[in-house]
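Read through the structure below, which is laid out as structure tokens, and then see the notes.
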Amino acid sequence: MTADQDRAPHPDQDPALLRRWNATLRAARSGREGPDPTPYGRNLLSRWAEPQRRYHTVDHLRAVLDRVDELTDQGGEGGELELVRLAAWFHDAVYRPDRSENEERSALLAEKALTEAGLTPHEVAEVARLVRLTISHDPAPGDLNGETLCDADLAILATAPDTYRGYAAAVREEYAFIPEEAFREGRAAVLRHLLGLPRLFRTPYGAAVWEGRARENLERELAELTDLSGKG
């Protein structure tokens with residue numbers, strides 16, 4: 001990330017969020033020496049504030065970090081929490097709605113930046129693995145790190161109906177370059193896939209608290225898309 005660290009900070013960067021990044025990176029280093037975390041955090045925040053984003057914004061980053069904390073507060077056990085938090089920071093750090101390799105490019109960015117920032121090879125590899133896991137959101141049984149990150153990333157599906165509609169509208173804005181009918185067909189396919197999964201959430205808390213509400217939101221959106229397609 002060194003070559004990009006002089007990118008100008010976005011005027012809307014959140015000092016509190018930057019402090020969270022600094023604390024997370026320092027905690028992950030477990031007292032080991034390393035470069036100042038701040039330039040890395042500013043670089044990441046400027047990426048999350050890029051103009052092509054409508055849903056995958058700083059607000060989404062903050063929400064995922066908050067849901068990681070919520071899962072931990074509600075009885076989450078084990079795992080490597082600071083690495084999960086670092087993966088949340090990187091999981092959509094590279095994001096172009098018109099490209100399919102965003103997660104891979106985000107993982108490569110994490111590998112480069114976190115190696116420079118003083119993490120061990122194991123720690124770097126684990127963060128990159130978690131970033132790549134957000135392609136499928138399908139952690140293996142017992143993968144505590146993966147379950148936590150994936151549940152936190154999907155928690156938007158379990159929000160109140162109005163919040164969920166705002167999320168769906170923001171996703172549509174990110175894909176504004178796709179014609180309406182094609183978008184409805186593609187989005188409906190995504191929703192059917194999600195609804196066909198045995199479980200959306202893998203942590204005990206996510207399964208107990210978020211699963212039902214998420215399925216209600218997905219079913220409602222799918223019904224609305226189907227209705228619109230029928231009228232078209």
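Keep in mind that what you see is a predicted model, and the values were worked out from it rather than measured. The first residue in the sequence is number 1, and the count goes up from there.
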*What closest approach, in Å, do L25 and P37 show between heavy atoms, and which atom pair accounts for it?*
CD2-CB, 3.6 Å

_Any side-chain to backbone donor/acceptor pair from E104 onto E101? Under 3.5 Å, distance only._
no

*Return yes if a side-chain donor-acceptor contact under 3.5 Å exists between R19 and N22, otherwise no.*
no

*If every non-hydrogen atom of V64 is compared with every non-hydrogen atom of A88, which pair is closest and at what distance?*
CG1-CB, 3.8 Å

*Considering only NZ, NE, NH1 and NH2 on the basic side and carboxylate oxygens on the acidic side, decide whether D59 and R53 come within less than 4.0 Å.*
no

_How close do A87 and L149 get, counting heavy atoms only, and between which atoms?_
CB-CD2, 3.8 Å

*L61 side, atom CG; L44 side, atom CG - distance, nearest 0.5 Å*: 8.5 Å

*Side-chain donor or acceptor of E174 paired with backbone N/O of Y55 under 3.5 Å*: yes

*Once the angle between the rings of H60 and W48 is folded into 0 to 90°, is it parallel (under 30°), tilted (30 to 60°) or perpendicular (over 60°)?*
tilted

_Using side-chain heavy atoms (C-beta onward) and a distance below 4.5 Å, is W210 in contact with L200?_
no

*Could you please spell out the steps behind the side-chain contact (heavy atoms from CB on, under 4.5 Å) verdict for L114 and E123?*
CA-CA 9 Å; L114 294 177; E123 292 162 344; over 6 Å; no

_Give me the atom names and distance for the closest heavy-atom approach of G146 to P139._
C-CB, 3.8 Å

*Side chain of E211, backbone of F201: donor and acceptor closer than 3.5 Å?*
yes

*asked:* Pairing donors with acceptors under 3.5 angstrom, does anything connect the side chains of N43 and R47?
replied: yes

_Flag side-chain contact, heavy atom, 4.5 Å: R85 against D69_ = yes

*Do E50 side-chain atoms and V94 backbone N/O form a donor-acceptor pair below 3.5 Å?*
no

*asked:* My understanding is that only residues two or more places apart in sequence, or in another chain, count here; which of them pass salt bridge (charged side-chain N to carboxylate O under 4.0 Å, His left out) with R99?
replied: none

_Looking at R67 and D153, is there a salt bridge between them, counting it only when a charged N and a carboxylate O are closer than 4.0 Å?_
no

*Please step through salt bridge (charged side-chain N to carboxylate O under 4.0 Å, His left out) for the pair E116 and K112, ending with a clear verdict.*
CA-CA 6 Å; E116 292 176 359; K112 176 176 173 54; 3.1 Å; yes

*Roughly how far, to the nearest 0.5 Å, is the CZ atom of R20 from the CG atom of L65?*
5.0 Å

*What do the steps show when you test W21 against L86 for side-chain contact (heavy atoms from CB on, under 4.5 Å), and what is the final call?*
CA-CA 8 Å; W21 159 263; L86 288 174; 3.5 Å; yes

*Closest approach of L197 and R215, non-hydrogen atoms and distance?*
O-NH2, 2.6 Å

*Could you walk me through whether L133 and N145 pass the side-chain contact (heavy atoms from CB on, under 4.5 Å) check?*
CA-CA 10 Å; L133 189 57; N145 290 346; over 6 Å; no

_What's the separation between atom OG1 in T24 and atom CG in L83, rounded to the nearest 0.5 Å?_
10.5 Å

*Would you please test R129 and E126 for salt bridge (charged side-chain N to carboxylate O under 4.0 Å, His left out) and show each step?*
CA-CA 5 Å; R129 181 188 75 84; E126 178 61 3; 2.8 Å; yes

*asked:* For the NE2 atom of H91 and the CD1 atom of I135, what is their distance to the nearest 0.5 Å?
replied: 12.0 Å

*Go through the steps for R172 and E180 under the test salt bridge (charged side-chain N to carboxylate O under 4.0 Å, His left out), then give the verdict.*
CA-CA 9 Å; R172 180 64 185 107; E180 183 64 24; 3.1 Å; yes

Indicate every side-chain donor-acceptor pair of residues 187-194 with a distance under 3.5 Å to a residue at least two apart or in another chain.
residue: R187; atom: NE; partner: E221; partner atom: OE2; Å: 2.8
residue: R187; atom: NH2; partner: Y167; partner atom: OH; Å: 3.2
residue: R187; atom: NH2; partner: E221; partner atom: OE1; Å: 3.1

*Examine distances only and state if a side-chain atom of T159 and a backbone atom of I156 form a donor-acceptor pair shorter than 3.5 Å.*
yes

*Does a side-chain N-to-carboxylate-O contact under 4.0 Å join R184 and E181?*
no

*Identify whether V131 and L108 are in the same connected component of the hydrophobic contact network (ILVMFWY, side-chain heavy atoms under 4.5 Å).*
no

_Minimum side-chain heavy-atom gap L130-T134 below 4.5 Å_ = no

_How long is the straight-line distance from CD of E216 back to OH of Y164, given to the nearest 0.5 Å?_
12.0 Å

_Less than 4.0 angstrom from a charged side-chain N to a carboxylate O is my criterion; do R202 and D138 meet it?_
yes

*asked:* If you compare all heavy atoms of D14 against all heavy atoms of L45, which two are closest, and at what distance to 0.1 Å?
replied: O-CD1, 4.3 Å

*Flag, side chain of D92 to backbone of H56, donor-acceptor distance under 3.5 Å*: no

*asked:* Can you tell me how far apart CG (L119) and OG (S30) are? Round to the nearest 0.5 Å.
replied: 8.5 Å

_So L17 and W89, do their side chains get closer than 4.5 Å, heavy atoms only?_
yes

*Salt-bridge criterion met for R220 and E224 (N-O under 4.0 Å)*: no

